[in-house]
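Below is one structure, written out as structure tokens; comments come after it.
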Amino acid sequence: MSAGERATGDGKATAGKLAILYDGSCEMCRASLDGILQFDNSGAIEPLDLHREEVRAQFPGLKLENLLEELHAVDESGRVYRGARAINEILRRQRGLRGYLAYLWYLPPYAWLADRQYKRIAASRYARDARGKLKTPAVPEH
């Protein structure tokens, strides 16, 4: 097997990559992934839509209900990062000054605040547009 190949169902990202399992049916999630890809200067990000059967087969240890709760990132050794910690892992892999943003994680209480904010936004992601703004409900006409 070459360095870029992997066995199906091994629960690991491609060698040298960080698999990002995102909700492709969510407008805000797709826009967030676009932002991640524009920010990325590592070339190590491997976006995978969690709704694709072959993606879930590649990561059999991850339950769909957990994947739908928050972003998951999986490295080439099979280590799983969830939510705000997944964002921090994306930052950690960036080259240059961008990579230094990951060190904010170690400043109290940054990790706690990042996790809390991430969960708050993720819980309402289907009610948000691509920019993360809450969609306004339609006003009934009288």
Side-chain angles (χ1 to χ4, degrees), residues 1-140:
M1 185 172 352
S2 73
E5 296 175 346
R6 68 179 151 319
T8 302
D10 67 359
K12 299 176 183 178
T14 302
K17 299 286 186 178
L18 182 67
I20 306 299
L21 284 76
Y22 70 98
D23 184 351
S25 68
C26 167
E27 181 181 358
M28 189 179 86
C29 302
R30 289 190 314 269
S32 296
L33 178 68
D34 288 343
I36 289 169
L37 294 174
Q38 288 177 10
F39 181 82
D40 178 44
N41 68 8
S42 71
I45 304 301
E46 180 181 26
L48 301 170
D49 185 344
L50 63 86
H51 291 291
R52 296 180 58 199
E53 191 62 40
E54 64 272 16
V55 169
R56 287 199 314 279
Q58 182 182 337
F59 300 94
L62 300 177
K63 295 181 181 177
L64 181 59
E65 57 268 16
N66 293 336
L67 291 169
L68 289 169
E69 283 180 12
E70 55 191 348
L71 182 72
H72 282 60
V74 183
D75 67 16
E76 62 187 3
S77 67
R79 189 173 307 128
V80 179
Y81 306 91
R82 295 176 53 146
R85 183 64 182 96
I87 300 298
N88 182 259
E89 187 61 20
I90 292 166
L91 291 172
R92 194 183 71 73
R93 291 169 183 265
Q94 301 308 302
R95 295 187 305 266
L97 291 175
R98 292 177 182 189
Y100 287 112
L101 291 172
Y103 289 103
L104 291 172
W105 193 262
Y106 302 104
L107 298 175
Y110 179 82
W112 179 81
L113 289 170
D115 188 57
R116 185 174 171 95
Q117 181 69 355
Y118 180 91
K119 287 181 179 178
R120 186 183 71 77
I121 292 170
S124 63
R125 73 181 189 275
Y126 292 117
R128 295 176 181 272
D129 65 18
R131 293 177 302 192
K133 302 242 186 247
L134 286 172
K135 296 176 185 175
T136 55
V139 178

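The first residue of the sequence shown is numbered 1, and numbering continues consecutively from there.
For the pair Lys12 (side chain) and Arg79 (backbone), a donor-acceptor distance under 3.5 Å is absent. No donor-acceptor pair under 3.5 Å is formed between the side chain of Arg92 and the backbone N or O of Ala102. With hydrogens and angles disregarded, no donor-acceptor distance shorter than 3.5 Å links the side chain of Glu27 to the backbone of Asp129. Without hydrogens or angle criteria, Asp23 side chain to Cys29 main chain gives no donor-acceptor distance under 3.5 Å.
The shortest non-hydrogen separation linking Arg85 to Trp105 is CD-CZ2, 3.5 Å. Here the shortest heavy-atom pairing between Gln94 and Asn41 reads OE1-N, 2.6 Å.
Shown here is Leu107, whose CG atom has more than 12 heavy atoms of other residues, nucleotides or ligands within 6.0 Å. The neighbour count for Tyr103 OH, taken as heavy atoms of other residues, nucleotides or ligands under 6.0 Å away, does not exceed 12.
For the pair Asp49 and Tyr22, the minimum side-chain heavy-atom distance is below 4.5 Å.
For the atom pair CG of Leu91 and CD1 of Ile87, the computed distance is 7.5 Å after rounding to the nearest 0.5 Å.
Among the candidates Leu18, Leu48, Ile20, Val80, the single residue satisfying the side chain to side chain contact (heavy atoms under 4.5 Å, CB included) test with Val74 is Val80.
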For salt bridge (Lys or Arg N to Asp or Glu O under 4.0 Å), just list the numbers for Lys119 and Asp115, CA-CA rounded to whole Å, side-chain angles, deciding distance to a tenth of an Å, and then say yes or no. CA-CA 6 Å; Lys119 287 181 179 178; Asp115 188 57; 3.4 Å; yes

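Between the side chains of Asp10 and Gln58, no donor-acceptor pair is found at a separation under 3.5 Å.
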